[in-house]
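The next block holds one structure in the form of structure tokens; read it before the comments.
The analysis underlying the following values was restricted to heavy atoms, covering all of them including side chains, and did not include hydrogens, waters or symmetry mates. Remember, it's 1-based here, ligands and their atoms both numbered in the order they're listed.
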Amino acid sequence: MADTRPHHHVLLFPFMSKGHTIPILHLSHLLLRRQLSVTVVTTPSNLPFIAQSLPNTTASILQIPFPSKLEGIPTGTESTDKLPSMSLFPQFALATKLMQPDFERLVDNLPQPVDFMVSDSFLWWSLESANKYGFPRLVFSGMCNYAVCMFRTVNQSGVLLGNESDDELITVPRFPWIKLTRNDFERHAGDSELVVKSITASKASYGYVINSFYELEPVFVDSFNNVITNGPKAWCVGPLCLAKPPTPVMQAIRQKPSWIQWLDEKYEQKRSVLFVAFGSQARVSAEQLKEISLGLEKSNVSFLWVTKEKESELGDGFEERNRGRGFVVREWVDQMEILNHPSVGGFLSHCGWNSVLESVSAGVPILAWPMMAEQHLNARMVVEELKIGVRVESSNGSVRGFVKWEGLEKNVRELMEGERGEEVKMKVKEFSRKAREAMEVERGSSWRTLDLLIKEICSKET
Ligand SMILES: O=c1ccn([C@@H]2O[C@H](COP(=O)(O)OP(=O)(O)O[C@H]3O[C@H](CO)[C@@H](O)[C@H](O)[C@H]3O)[C@@H](O)[C@H]2O)c(=O)[nH]1
């Protein structure tokens, strides 16, 4: 067991985006179980979500204001899922630098000294504060080892800087069995300042806390830790979604949400349900939404679709025509609860890393439809490396191409009813078992890695 003297104090500073905050909140449960004191720093609008996710714990949640009067960003927008357009993401993340004086005042006034901090890679400037106050900073980027290795290798080798087309497959040096295209990488000119700042600060930090487990991607964990000599180490402590404490009794006997009742009905009818959700920030064009509705409708498969879009965006009469077979939810759901429901047999996902890990943990195969950020790499990992999913095919063959309903219908059937679907289902069940083993108290690889990390970092003189 780690040295868990009660005075050890961890500062957690998640980025203001659900996909980045949720895993850090799960991490806080693991730290609290080891008797460490935990302080989470956030902004006023994000505080209720965090407080709700950490009920009945001793974690302190402290707030500092989010910068106001930012160009292009509506006042009161403190989370990336509320941004009017994802093109404002770099601006939003860069503006967090303005929080530094308030952050440092907060650190000045903490009742207990900080032993170490875990802060998001997009809060690059928090390293400067950590150095000033003399505590180590660990980075949380939310990405898997595979994606980090691909970014590093492709950047260092310049392999995608040639004359090839955006969709030409190029062999990745060091990993000759992997082929990627330029379209597997996001290209936003405005991103570069943020990316450079984040990477530079990450490389100068104590280490990386990675939401993954060794047995899922051993080659890439080893590569992460060996390729850059003396670079900060990757500590795999996940899947963090399995760190959630047991549901309190009062909540367990709560009225089930309508979509869980519907899934119960499907279970009784022995219908396998496709869960459809694209995370907290992906935006799907109006034209593409219509093809999704049509593809789902024609596939004849039962589906549960979580979306923010109005009925008119999905196609008039869509919900009425599919009543009984399909269910559309427009609220925040407990995605883990859905994925773990016995009637769910597949997940049409944008491959945000949390969604991938949640699906792996629940043993649900994935129909991969990446949309932005590092999701194209995650999709390649899911389909080509882990073989736990099938890829949605676009009409022009490009990984960023438009998907027509005919292709989607075919892929949905392939996953839910086809031979390939059976194969990937067996494989994901294997990884699900390994994921649970990795998180086993005192014995699992991720559990022991976190113990080692705490022991190492808390015994160091800074
Ligand atoms: O109604 C909802 C909607 C979402 N979630 C949860 O929200 C998280 C969403 O995370 P993810 O699946 O990773 O998607 P994004 O929100 O899109 O995540 C961003 O952050 C990830 C982690 O860095 C990246 O992998 C993605 O590319 C990036 O878009 C997951 O834990 C979901 O379970 C819910 O619980 N209920």
Worksheet item: Are Phe15 and Phe140 an aromatic pair by the rule of ring centers under 6.0 Å?
Response: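 Centroid separation for Phe15 and Phe140: 6.0 Å or greater.
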
Worksheet item: Are the ring centres of Phe49 and Trp332 closer than 6.0 Å?
Response: yes

Report, in ascending order of atom number, the atoms of ligand 1 lying under 4.0 Å from any heavy atom of [X].
X      : result
Ala373 : 27 (O)
Trp353 : 13 (O), 24 (C), 25 (O)
Ser280 : 15 (P), 16 (O), 17 (O)
His20  : 20 (O), 23 (O)
Gln281 : 17 (O), 19 (C), 28 (C), 29 (O)
Gly142 : 22 (C), 23 (O)

Item to complete: Go through the steps for Arg400 and Glu186 under the test salt bridge (Lys or Arg N to Asp or Glu O under 4.0 Å), then give the verdict.
Response: CA-CA 10 Å; Arg400 289 187 191 258; Glu186 193 83 325; 3.1 Å; yes

Practice prompt. Indicate, as side chain, backbone, both or neither, the part of Gln335 found under 4.0 angstrom from ligand 1 when only non-hydrogen atoms are considered.
Written response: both

Worksheet item: Hey, does Tyr267 have a side-chain heavy atom less than 4.5 Å from the side chain of Val273?
Response: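 The answer is no; the side chains never approach within 4.5 Å.
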
Practice prompt. Let me see the working for Leu12 and Leu31 under side chain to side chain contact (heavy atoms under 4.5 Å, CB included), right down to the final yes or no.
Written response: CA-CA 10 Å; Leu12 299 178; Leu31 299 170; 4.0 Å; yes

Worksheet item: When the ring planes of Phe89 and Phe122 are compared, do they come out parallel, tilted or perpendicular, using 30° and 60° as the limits?
Response: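 Correct class here is perpendicular.
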
Discussion item. Angle between ring planes, Phe220 versus Trp177, binned at 30° and 60°: parallel, tilted or perpendicular?
Written reply: tilted

Worksheet item: What residues, two or more places apart in sequence or in another chain, satisfy side-chain hydrogen bond (donor to acceptor under 3.5 Å, both in side chains) together with Glu437?
Response: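 For Glu437, the residues satisfying side-chain hydrogen bond (donor to acceptor under 3.5 Å, both in side chains) (neighbours in sequence not counted) are Arg433.
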
Worksheet item: Does Ser280 offer a backbone N or O that forms a donor-acceptor pair with the side chain of Lys308 under 3.5 Å?
Response: yes

Considering only protein heavy atoms, which is closest to [atom], and at what distance to one decimal place?
atom                    : result
atom 27 (O) of ligand 1 : Glu374 OE1, 2.7 Å
atom 31 (O) of ligand 1 : Glu358 OE2, 2.6 Å
atom 13 (O) of ligand 1 : Asn354 ND2, 2.9 Å
atom 35 (O) of ligand 1 : Val333 O, 3.2 Å
atom 15 (P) of ligand 1 : His350 NE2, 3.7 Å
atom 12 (O) of ligand 1 : Ser355 OG, 2.5 Å

Practice prompt. Identify the two heavy atoms, one from Met86 and one from Thr80, that lie closest to each other, and give their separation to 0.1 Å.
Written response: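 Taking every non-hydrogen atom into account, SD-O, 3.9 Å.
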
Please compare [options] and report which has the shortest non-hydrogen distance to [atom].
atom                    : options               : answer
atom 8 (C) of ligand 1  : Leu25, Leu377, Ile22  : Ile22
atom 9 (C) of ligand 1  : Cys241, Ser141, Gly19 : Gly19
atom 34 (C) of ligand 1 : Phe15, Phe278, Trp332 : Trp332

Can you give the donor-acceptor pairs under 3.5 Å from side chains of residues 356-373 to other protein atoms, not counting sequence neighbours?
from	atom 1	to	atom 2	distance (Å)
Glu358	OE1	Gln335	NE2	2.9
Ser359	OG	Val364	O	2.8
Ser361	OG	Leu357	O	2.7

Fill in: N or O contact, Ser17 vs ligand 1, cut-off under 3.5 Å
no

